[in-house]
Enquirer: 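Quick one: the structure is below, and I'll ask about it shortly.
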Amino acid sequence: MTLELFEYQPLVFGPEKTAPFSDIEEEILALKKEKNAVLLAHNYQIESIQRVADFVGDSLGLAYKAAETDADVILFCGVHFMAETAKIVNPEKIVVLPDLEAGCSLSDSCPADKLAAYKEANPGLYVVAYINCSAAVKALSDVICTSGNAVQIVKHIPEDREILFVPDQNLGQWVSGQTGRPMRLWPGSCYVHVLFTVRSLERIREQYPQAPIVAHPECVETVRDMADEVCSTEKMIGFAREHPAETIIVVTETGMIHRLRREVPEKTFIAGPTDTCACNECRFMKMNTIEKTRDALINLQPRIEMPDDTRLAASKPIKRMLDWSRQ
Ligand code: 13P
Ligand code: SF4
């Protein structure tokens, strides 16, 4: 029996048309001023949220912005671990996430009790935690990293320490290859990025043979090996600007293409397809709607809260990351 390949029209995007703000977008802009709130949005958020945000970026950029802001309220449009990071570095501020259910499959793959048990059974490991993890896991870690600074962070770790990288085995494997540091890898992965396959990318490459592929390091190794560049969502902007090609295949969550279209309007972007769809959206990221964003500003709810001892313990490896990645 031969399997039929799923038929789709590739999603091809040129420059984004700038429409005037909608009523709800205007309402959000006014509410931000009234509440002295800063709206931080991840690159995977819907277009309407990105339009009203004060800053749109990757996990690293958002962590820096959260640490620097003097606003009274941080409205974080991303997923739970990102808003939690903002609260850890800003305990005195109100941090609001439009939908508290906006979690992350990768973060869920490393429960804190399992990590604590593993550390106890394997003492002496240097724990590097990808920022996509809970505050309780951060509290058990030596240093945090993002996809944008993971290589730089690992290079700071003393050579004589054995590394345990949690929770993303794909990012960990990529960082290990880039740095030459052997690592124990926690067996977690992002359900979105593992949907990209060699077959799905070969099909799109046949249609656009001149287009380079830029892929997120959360993709599996065989997919990363096909890419012309592997990098964080923020670095994809620089890659798109600098690469001479006019058309680029973007292998990450499809929301990324909003920012690419705004910031690199002269180029055309193709959403990296999976075997079953022309696009690939994170259901958690998409839980934040423009209505929930407006309501979160009106009510200053739902808020991110956590016990003080967890927050204090989690702040140390975050601070170490922020210091090391400035160097
Ligand atoms: P970036 O840090 O590259 O924005 O990635 C975050 C993320 O959740 C990827 O799935
Ligand atoms: Fe988590 Fe993957 Fe969604 Fe990123 S894309 S928030 S890693 S589930």
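Atoms within each ligand, like the ligands themselves, are counted from 1 in listed order. Just so it is clear, the structure is predicted and the values come from calculations on it, not from any experiment. Worth knowing before you read on, the calculation uses all heavy atoms, side chains too, and leaves out hydrogens, waters and symmetry mates.
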Enquirer: Identify the two heavy atoms, one from Thr254 and one from Asn280, that lie closest to each other, and give their separation to 0.1 Å.
Expert: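 Scanning both residues, the minimum pair turns out to be OG1-N, 2.8 Å.
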
Enquirer: Do you know which two heavy atoms are closest between Val166 and Cys110, and how far apart they sit?
Expert: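 Heavy-atom minimum between the residues: CB-SG, 4.1 Å.
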
Enquirer: Give the minimum heavy-atom separation between Lys267 and Arg241, together with the two atoms involved.
Expert: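 That would be NZ-O, 3.7 Å.
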
Enquirer: Check if Glu218 has a non-hydrogen atom at a distance under 4.0 Å from any atom of ligand 2.
Expert: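 Within the 4.0 Å threshold, so yes.
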
Enquirer: Counting heavy atoms only, which part of Glu253 comes closer than 4.0 Å to ligand 2: side chain, backbone, both or neither?
Expert: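 Contact part for Glu253 vs ligand 2: neither.
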
Enquirer: Are any non-hydrogen side-chain atoms of Lys138 and Ile131 less than 4.5 angstrom apart?
Expert: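 Result yes, sub-4.5 Å side-chain heavy-atom pair found.
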
Enquirer: Taking the side chain as every heavy atom from C-beta outward, state whether Arg262 and Val56 have any atom pair closer than 4.5 Å.
Expert: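 Heavy-atom side-chain distance check passes, below 4.5 Å.
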
Enquirer: Taking 2.8 Å as the upper limit, name the protein N, O or S atoms near atom 1 (Fe) of ligand 2.
Expert: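 Within the sphere that stays under 2.8 Å of atom 1 (Fe) of ligand 2, the protein atoms of type N, O or S are Cys104 SG.
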
Enquirer: Tell me which pairs pass side chain to side chain donor-acceptor pair (under 3.5 Å) where either residue lies in residues 172-185, with sequence neighbours left out.
Expert: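 Qualifying pairs, neighbours excluded: Tyr118-Arg184, Asn122-Arg184, Glu162-Arg184, Gln173-Glu221, Gln173-Arg224.
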
Enquirer: Go through Ser147 and Glu218 one step at a time and tell me if the side-chain hydrogen bond (donor to acceptor under 3.5 Å, both in side chains) criterion holds.
Expert: CA-CA 8 Å; Ser147 56; Glu218 287 173 17; 5.8 Å; no

Enquirer: Name the residues with a heavy atom less than 4.0 Å from ligand 1?
Expert: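 Only His42, Tyr44, Asp58, Ser59, Tyr130, Asn132, Ser147, His193, His216, Glu218, Ser232, Thr233 have heavy atoms that fall under 4.0 Å of ligand 1, ordered by chain and number.
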
Enquirer: For a 4.5 angstrom cut-off between non-hydrogen side-chain atoms, does Ile298 reach Leu31?
Expert: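 Heavy-atom side-chain distance check passes, below 4.5 Å.
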
Enquirer: If you take all heavy atoms of Tyr130 and Pro167, which pair is closest and at what distance?
Expert: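 Taking Tyr130 first and Pro167 second, the nearest heavy atoms are CB-CD, 3.8 Å.
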
Enquirer: Which residue pairs satisfy the ring pair (Phe, Tyr, Trp, His ring centres under 6.0 Å) criterion with at least one member in residues 43-73, sequence neighbours excluded?
Expert: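 Residue pairs with at least one partner in residues 43-73: His42-Tyr44.
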
